[in-house]
Amino acid sequence: MDEEYVEQVLSLVERVPPGRVTTYGLIAETLRGTLGRGGPRQVGAVMAAYGGPVPWWRVVRSDGSLPDSHLPDAHQEYLAEGTPLRRSGSVDLRAAVWWPEEE
DNA sequence: GTTATGACTATGG
DNA sequence: GCCATAGCCATAA
């Protein structure tokens with residue numbers, strides 16, 4: 001099944017360094033390069049189903065804002081990790097974005 | 001095969 | 001950066 005896809009997604013999320021974040025689209029593109037399938041929405045679906053154990057707050061939308069429901073928890077983690085935030089509470093992507101390949 | 005749905009993205013305002 | 005709209009990938013009914 002898509003167990004492999006799930007494994008890859010979670011693996012990448014776990015690799016994100018503290019204080020940095022990545023986006024659904026970046027993960028999706030990386031996996032599309034290796035597995036040749038999936039998309040941002042699939043990554044989101046995987047996170048919704050299996051994202052519990054991993055640092056899901058380090059995965060944000062392409063504009064730096066977060067999924068509606070996670071703001072309170074995520075904000076707390078960002079403060080603890082020193083993730084660059086903007087006044088609105090969204091992440092400052094320009095400073096915090098992390099590309100899976102650069103590790 | 002067609003529709004609806006979802007932790008999405010690109011584009012225009 | 002935020003809002004609305006259109007497009008995308010995969011799954012389910």
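Source: prediction; values computed, not measured. Convention: sequence-line order gives letters A, B, ...; per-chain numbering from 1.
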_Defining pairs by Watson-Crick or G-U wobble geometry with both distances under 3.5 Å, how would you list the stems of DNA chain C with at least three pairs each?_
B:2-6 with C:9-13, B:8-13 with C:2-7
_Which nucleotide wins on minimum distance to the side chain of A/Ser90, given the candidates C/dC2, C/dA10, B/dA7?_
C/dC2
*Between A/Thr30 (side chain) and A/Leu26 (backbone), is there a donor-acceptor pair under 3.5 Å?*
yes
*asked:* Nearest to the side chain of A/Pro67, heavy atoms from C-beta on, is which of B/dT9, B/dA7, C/dT11?
replied: B/dA7
*Remember a base hit wins even if backbone is also touched, and classify A/Ala48 as base, sugar-phosphate or nothing at under 4.0 Å, heavy atoms.*
base
*asked:* Does C/dC2 have its OP1 or OP2 closer than 4.0 Å to a side-chain nitrogen or oxygen of A/Ser88?
replied: yes
_What is the distance, to the nearest angstrom, from the CG atom on A/Leu93 to the C1' atom on C/dG1?_
11 Å
*Could you give the distance from CG (A/Leu85) to CG (A/Leu79), rounded to the nearest 0.5 Å?*
6.5 Å
*Between the base of C/dC9 and the side chain of A/Arg41, is there a donor-acceptor distance below 3.5 Å?*
no
*Indicate yes or no: does A/Glu81 engage A/Arg20 in a salt bridge with an N to O separation below 4.0 Å.*
no
_Rounded distance in Å between the C1' positions of C/dA13 and B/dA7_ = 23 Å
*Start at the 5' end of DNA chain B and walk down; is the nucleotide closest to A/Ala45 or to A/Glu29 reached first?*
A/Ala45
*asked:* Just the rounded figure in Å: distance from C1' of C/dC2 to CZ of A/Arg87.
replied: 13 Å
*Measure centre to centre between the rings of A/His70 and A/Trp57, then say whether the value is under 6.0 Å.*
no
